[in-house]
Amino acid sequence: AQSVSQHNHHVILSEAASLELGCNYSYGGTVNLFWYVQYPGQHLQLLLKYFSGDPLVKGIKGFEAEFIKSKFSFNLRKPSVQWSDTAEYFCAVNARPGGGNKLTFGTGTQLKVEL
Amino acid sequence: DTGVSQNPRHKITKRGQNVTFRCDPISEHNRLYWYRQTLGQGPEFLTYFQNEAQLEKSRLLSDRFSAERPKGSFSTLEIQRTEQGDSAMYLCASSLQGENQPQHFGDGTRLSIL
């Protein structure tokens with residue numbers, strides 16, 4: 001079975017600082033990788049996804065993530081955060097083939113961006 | 001709004017009571033998923049449907065839990081004889097069929113057991 005580790009549980013940054021959130025997964029086969037974001041009081045929203053091809057994927061709101069297969073990692077980055085990026089960020093994987101699209105999530109990283 | 005809709009948003013009940021939650025997926029999505037999220041944790045998979053067929057259930061889903069999707073559209077999740085440990089946010093998601101289809105989540109139903 002697959003598992004996901006997010007090492008940073010709480011991150012506090014000032015506006016314009018750069019962001020990198022770690023995500024490592026454990027699974028011996030092929031996976032799809034996702035980052036979801038949950039803004040205060042809102043539902044989980046897809047930030048970006050990796051299925052195949054270019055390991056550097058770009059998502060909404062200036063976020064990007066890089067899949068490094070040898071490190072089983074899919075870290076999320078943003079060069080300059082804004083106050084509105086304050087949210088909880090979840091990394092998730094699903095195994096393929098045959099995973100049924102069920103997602104395995106990490107425990108999440110709470111990001112607070114200060115003015 | 002054409003997103004995933006869940007009702008009720010909040011449910012408070014006494015231990016031992018039965019509760020039922022409803023999820024209306026995005027209309028063209030034939031896959032529907034239920035997850036549970038407790039404080040400080042990410043969502044955990046419970047079960048999923050493809051059309052009306054329940055294809056997988058997590059071992060987290062004890063025999064007190066039952067989910068249905070009778071016509072392949074909305075789904076219900078029932079918890080019988082609720083326990084304190086059932087307190088959580090119950091999330092529903094839907095997607096199109098296919099391994100590369102992302103899931104779209106609803107706002108969830110927060111269950112509190114007194």
Side-chain angles (χ1 to χ4, degrees), chain A residues 1-10 21 23-25 27 29-53 57 59-60 65 74 76 87-110, chain B residues 1-7 9-10 23-26 29-51 53-61 67 69 88-110:
Chain A
Q2 60 267 37
S3 65
V4 178
S5 296
Q6 291 183 245
H7 309 296
N8 316 103
H9 298 295
H10 293 89
L21 301 182
C23 172
N24 288 90
Y25 69 93
Y27 184 67
T30 304
V31 294
N32 293 333
L33 296 152
F34 306 83
W35 277 97
Y36 280 83
V37 61
Q38 189 166 27
Y39 298 103
Q42 297 187 25
H43 58 266
L44 281 164
Q45 300 172 40
L46 183 65
L47 202 53
L48 49 76
K49 60 187 184 291
Y50 172 79
F51 295 142
S52 63
V57 293
I60 60 172
F74 190 56
L76 181 70
E88 190 157 20
Y89 293 80
F90 292 93
C91 180
V93 304
N94 77 273
R96 54 185 182 93
N101 284 29
K102 65 179 182 184
L103 293 172
T104 299
F105 285 85
T107 53
T109 297
Q110 187 70 50
Chain B
D1 187 276
T2 56
V4 177
S5 176
Q6 291 189 246
N7 287 288
R9 293 292 304 274
H10 299 96
C23 172
D24 288 88
I26 294 171
H29 286 181
N30 58 353
R31 283 195 172 175
L32 186 149
Y33 307 80
W34 286 99
Y35 293 85
R36 181 173 67 187
Q37 186 176 16
T38 53
L39 201 62
Q41 300 296 316
E44 295 174 293
F45 170 78
L46 293 178
T47 188
Y48 91 96
F49 294 83
Q50 182 165 299
N51 300 312
Q54 189 174 17
L55 296 188
E56 188 171 348
K57 291 193 292 185
S58 163
R59 52 190 167 83
L60 290 176
L61 215 65
R69 195 183 182 197
M89 178 74 86
Y90 290 84
L91 299 171
C92 178
S94 69
S95 76
L96 293 168
Q97 185 176 342
E99 289 185 335
N100 293 351
Q101 297 298 331
Q103 294 177 30
H104 300 261
F105 284 81
D107 289 330
T109 294
R110 182 170 294 284

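Protein chains get the first letters and strands the later ones, always in sequence-line order, with residue 1 at the start of each. Side chains are part of it too, since the values below use all heavy atoms of this structure and drop only hydrogens, waters and symmetry mates.
The shortest non-hydrogen separation linking B:Gly106 to A:His43 is O-CB, 3.2 Å. Nearest heavy atom pair, residue B:Gln41 against residue A:Thr107, reads OE1-CG2, 3.6 Å.
Using a 4.5 Å cut-off between heavy atoms, B:Gln37 touches chain A through its side chain atoms alone. Contacts between B:Ser95 and chain A at a heavy-atom distance below 4.5 Å involve the side chain alone, from C-beta outward. Proximity to chain B is limited to the side chain of A:Leu46, based on heavy atoms less than 4.5 angstrom apart.
The CZ atom of A:Phe34 lies 7.0 Å from the CD atom of B:Gln103; values are rounded to the nearest 0.5 Å. We find the CG-CD distance between B:Asp107 and A:Gln38 to be 9.0 Å, quoted to the nearest 0.5 Å. Rounded to the nearest 0.5 angstrom, A:Leu44 CG and B:His104 NE2 are separated by 12.5 Å. In this structure, CD on B:Gln101 lies 11.0 Å from CG on A:Asn94, to the nearest 0.5 angstrom.
Heavy atoms of other residues, nucleotides or ligands lying less than 6.0 angstrom from CD1 of A:Ile60 number more than 12.
Annotation: side chain of B:Pro43 is not in contact with side chain of A:Tyr36 (no heavy-atom distance under 4.5 Å).
Within the 3.5 Å criterion, the main-chain N or O of A:Leu103 finds no donor-acceptor partner in the side chain of B:Tyr33.
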